[in-house]
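Report on one structure; see the data block that follows.
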Amino acid sequence: QVQLVESGGGLVQAGASLRLSCAASGRTFGSYTMCWFRQAPGLEREFVATISWIADSTYYSDSVKGRFTISRDNAKNTVYLQMNSLKPEDTAVYYCAAHQNYYRCRLEYEYAYWGQGTQVTVSS
């Protein structure tokens with residue numbers, strides 16, 4: 001089992017950048033596909049990005065493709081989300097998730113529990 005703690009959120013202006021981090025505990029972190037999700041006020045939680053366990057494959061939602069980059073450092077048990085050219089519609093609480101299946105990682109209903117997440121607020 002992997003426990004996850006997100007950090008790095010904040011209040012920024014449109015066009016700015018932020019890098020989120022997700023620190024994982026557990027010796028098997030390197031065997032998990034990792035995903036980022038987000039949930040804006042009043043909306044469903046949505047998939048943002050995923051990265052395979054050896055970082056040879058990534059996938060992004062259309063809304064962030066070309067602006068966000070997911071990466072991981074298995075030696076540090078950490079996954080990152082570099083967010084550039086932020087827009088007000090990126091405002092949300094961001095969560096990371098771990099899954100043993102690359103494709104199912106991006107399915108919100110696969111998870112029974114979520115962490116605290118990290119708040120990202122983008123002002124116009």
To the nearest 0.5 Å, what is the distance between CD on Q13 and OG on S124?
9.0 Å
Rounded to the nearest 0.5 Å, what's the gap from OH on Y94 to CG on L81? Could you check?
7.5 Å
Check whether I51 and F47 end up in the same hydrophobic cluster, where Ile, Leu, Val, Met, Phe, Trp and Tyr are linked by side-chain heavy atoms less than 4.5 Å apart.
no
Any donor-acceptor pair under 3.5 Å linking the side chain of T91 with the backbone of V122?
yes
CG of L4 to OH of Y113: how many Å apart, nearest 0.5 Å?
15.0 Å
Counting only N and O atoms by type, is there a donor-acceptor contact under 3.5 Å from the side chain of E6 to the main-chain atoms of C96?
yes
Would you call the rings of Y95 and W114 parallel, tilted or perpendicular if under 30° counts as parallel and over 60° as perpendicular?
perpendicular
Separation between OH (Y32) and CD (Q100), nearest 0.5 Å, reads 4.5 Å
Provide the closest heavy-atom pair for D73 versus F29 in the form atom of the first, atom of the second, distance.
O-CE2, 4.2 Å
Pairs in or reaching into residues 61-72: which pass side-chain hydrogen bond (donor to acceptor under 3.5 Å, both in side chains), with residues at least two apart or in two chains?
R38-S63, S61-S63, D62-K65, R67-D90, R72-N74
Residue pair V2 / A24: nearest heavy atoms and the distance that separates them
CG1-CB, 3.7 Å
Is there side-chain contact between E110 and C105, with at least one heavy-atom pair below 4.5 Å?
no
If you take all heavy atoms of W36 and S21, which pair is closest and at what distance?
CH2-O, 3.6 Å
Check: F37 ring centre within less than 6.0 Å of Y111 ring centre
yes
Check P88 against A14 and note the closest heavy-atom contact, atom names and distance.
CD-CB, 4.1 Å
Main-chain N/O of S57 paired with S52 side-chain donor or acceptor, under 3.5 Å:
yes
Give a yes or no answer on whether the side chain of Y102 reaches the backbone of T50 with a donor-acceptor pair at less than 3.5 Å.
no
Nearest-0.5 Å distance that lies between atom CE in M83 and atom CG in L18:
4.5 Å
Spell out, yes or no, whether L86 and V48 are grouped together once hydrophobic residues are joined by side-chain heavy atoms under 4.5 Å, including indirect joins.
yes
Heavy-atom pair of closest approach, residues L20 and G9:
CD2-N, 3.6 Å
Residues sharing W53's hydrophobic cluster, by side-chain heavy-atom contacts under 4.5 Å among ILVMFWY, directly or via others?
I54
Measure across V12 and A16 and return the closest heavy-atom pair with its distance rounded to 0.1 Å.
CB-CB, 3.8 Å
With a 6.0 Å cut-off (strictly less than), is the heavy-atom count around CD of Q116, excluding the residue itself, greater than 12?
no
Hits for salt bridge (charged side-chain N to carboxylate O under 4.0 Å, His left out) against R45, two or more places apart or cross-chain, chain-then-number order -> E108
Taking it one step at a time, do Y59 and I70 satisfy side chain to side chain contact (heavy atoms under 4.5 Å, CB included)?
CA-CA 9 Å; Y59 182 79; I70 189 171; over 6 Å; no
Can you confirm whether more than 12 heavy atoms, excluding those of Q3, are under 6.0 Å from its CD atom?
no
